[in-house]
Amino acid sequence: MIRPLGERVVVKPLPSEERTKGGIVLPDTAKEKPQEGEVIAVGSGKILETGQRVPIDLKPGDRILFSKYAGNEVKIDDVEYLIMREADILGVIEK
Amino acid sequence: MIRPLGERVVVKPLPSEERTKGGIVLPDTAKEKPQEGEVIAVGSGKILETGQRVPIDLKPGDRILFSKYAGNEVKIDDVEYLIMREADILGVIEK
Amino acid sequence: MIRPLGERVVVKPLPSEERTKGGIVLPDTAKEKPQEGEVIAVGSGKILETGQRVPIDLKPGDRILFSKYAGNEVKIDDVEYLIMREADILGVIEK
Amino acid sequence: MIRPLGERVVVKPLPSEERTKGGIVLPDTAKEKPQEGEVIAVGSGKILETGQRVPIDLKPGDRILFSKYAGNEVKIDDVEYLIMREADILGVIEK
Amino acid sequence: MIRPLGERVVVKPLPSEERTKGGIVLPDTAKEKPQEGEVIAVGSGKILETGQRVPIDLKPGDRILFSKYAGNEVKIDDVEYLIMREADILGVIEK
Amino acid sequence: MIRPLGERVVVKPLPSEERTKGGIVLPDTAKEKPQEGEVIAVGSGKILETGQRVPIDLKPGDRILFSKYAGNEVKIDDVEYLIMREADILGVIEK
Amino acid sequence: MIRPLGERVVVKPLPSEERTKGGIVLPDTAKEKPQEGEVIAVGSGKILETGQRVPIDLKPGDRILFSKYAGNEVKIDDVEYLIMREADILGVIEK
């Protein structure tokens, strides 16, 4: 597995079919549309100028929406993941 | 529902008809014109370099004006929402 | 009415005729020329990195000069207003 | 009169004739050349991130050199002034 | 050997063959793909504005993923290394 | 004379002949080459975000090297000077 | 000699022949390649926003690698030097 550094998060993007099942449909207009994914692992958090570390406000298993241009792709054991910054994650989908 | 992260806010944009009823008309000139919406959910607020968190100065139900280029679109149960930063919100319409 | 957020100010721009009466004439040269207006409402002020809030150094009724590219336009009950940042306001005209 | 906000200064630019009398001649080379003026009014100063205000290091009557691209023009009772930031002022001419 | 300064890390990039053996395959899509490498040496860490030093969260021998545009190349005794900033390292591959 | 503000320094640039006498020759390659000058006056120093003032690490009479694109030109009593920021000064030539 | 200011360092770049003797060979690929040099003099260090000075983590005689676009060239008594910022120095070559 990958342990993300600092303010980074490992996310498994969800394919379009799963997203439709979950009730989230991304409309077809001009504004940037986020993508849906699942949090796999979170880093230890960002360090502020005072030296304080801010824990990431997410946990493995969270269903999230993220900016579609976010992250670097990596494939582990044939599964695709994205490593992105917490700031690229817009919100958590709660049931 | 979506829980926005940090300084983000979930907003339901109001269509033009509703906006006219509310007494706010956006004029037709060169400057950027804001849009009207309703706050649905607010994040936990921005974290300052001292580690202090600044609560978002808005609550669900607030009628707001926001920059028309703000936010990412998302559709939940066939309703369109925008997820934007508090800094993209110009003011609250008070009755 | 509109309650501006944070460091924002609601301003009623003054038309050219009123401006001439007030003794302020904007010359016709190459440099950017400010516009005149009246402060209608002020936000709660900017928050510094230490968490301290800086009150806006203006009050409703102040006659101000502001950068002509400043602000977003909005019309309420057929009157046009601008919502701008305090930093776009150059000075207060005192009698 | 105009009360400048924060780190702003109201300056009366001096025409070329006066400048020659004052002994300052601006040479004709490639580098940016400053202009000469007189301080008319100073703001209350810049606010630092700690909330401390730094008084402007100038007083009305000071003869100054300022960057020629600095400031916004305004005319009051037929006299032209510039409103600029303290940071655009290079130095004070002392006799 | 090279002692990296501050927030810098010396990394030995791993050739494609080794990477396939390790189970990490980089997919062929539009997003930026990270590269795999081994940490050889770490600097003393970044200094915050408060003067506090943040130790680098990596140790020699760590298998890492890094941004493919990261770092400066250098060859020592015929082996190629990269000197990059800790911020260019995305995560640690844990077995 | 000119009293420079804050982190600014008044410098008298030295013509090429004097520079050759002083033993400093600027080579003819691709990199930016500094110019030589003499410090005439220094400002009171930069103010940090904590409100602390950092005295300028130079004194009148110092022979310095500065970035050739630095500063604004001004002529006083027929002598050309440059007003530049301390950060544009690379070092002091010591005998 | 030159006393570098603040976070600056005077470096004597090493010609290609010397570099080969030292065992460091710079490969011929797309990434930016650092150059080798010797530290001649170091400044007093960078000043943080808290007013604290961070001593430069180098001493005269250190063999270093630096970014090839770093620094300003100067020739003293027919020897070429570079004046660069500490941040442009990647690491120290230790024997």
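Lettering follows sequence order; numbering is per chain, from 1. Predicted model only: the values in this text are computed from it and were never measured.
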What part of Val92(B) gets closer than 4.5 Å to chain C, counting heavy atoms only: side chain, backbone, both or neither? both
Could you tell me if the side chain of Leu5(C) sits less than 4.5 Å from the side chain of Leu58(B), heavy atoms only? yes
Please round to the nearest 0.5 Å and tell me the distance separating atom CZ of Arg8(C) and atom CD1 of Ile89(B). 9.0 Å
How long is the straight-line distance from CZ of Arg3(C) back to CD1 of Ile93(B), given to the nearest 0.5 Å? 11.5 Å
For Ile2(C) and Gly91(B), work out which heavy atoms get closest and say how close. CG2-CA, 4.2 Å
For residues 39-52 of chain B, please give each side-chain donor-acceptor pair under 3.5 Å, one per line with the distance, not counting sequence neighbours.
from     : atom 1 : to       : atom 2 : distance (Å)
Ser44(B) : OG     : Arg53(B) : NH1    : 2.7
Glu49(B) : OE1    : Glu49(A) : N      : 2.7
Thr50(B) : OG1    : Glu49(C) : O      : 3.1

Suppose we screen for salt bridge (Lys or Arg N to Asp or Glu O under 4.0 Å). Which residues come up paired with Glu7(C), at least two apart in sequence or across chains? Arg85(C)
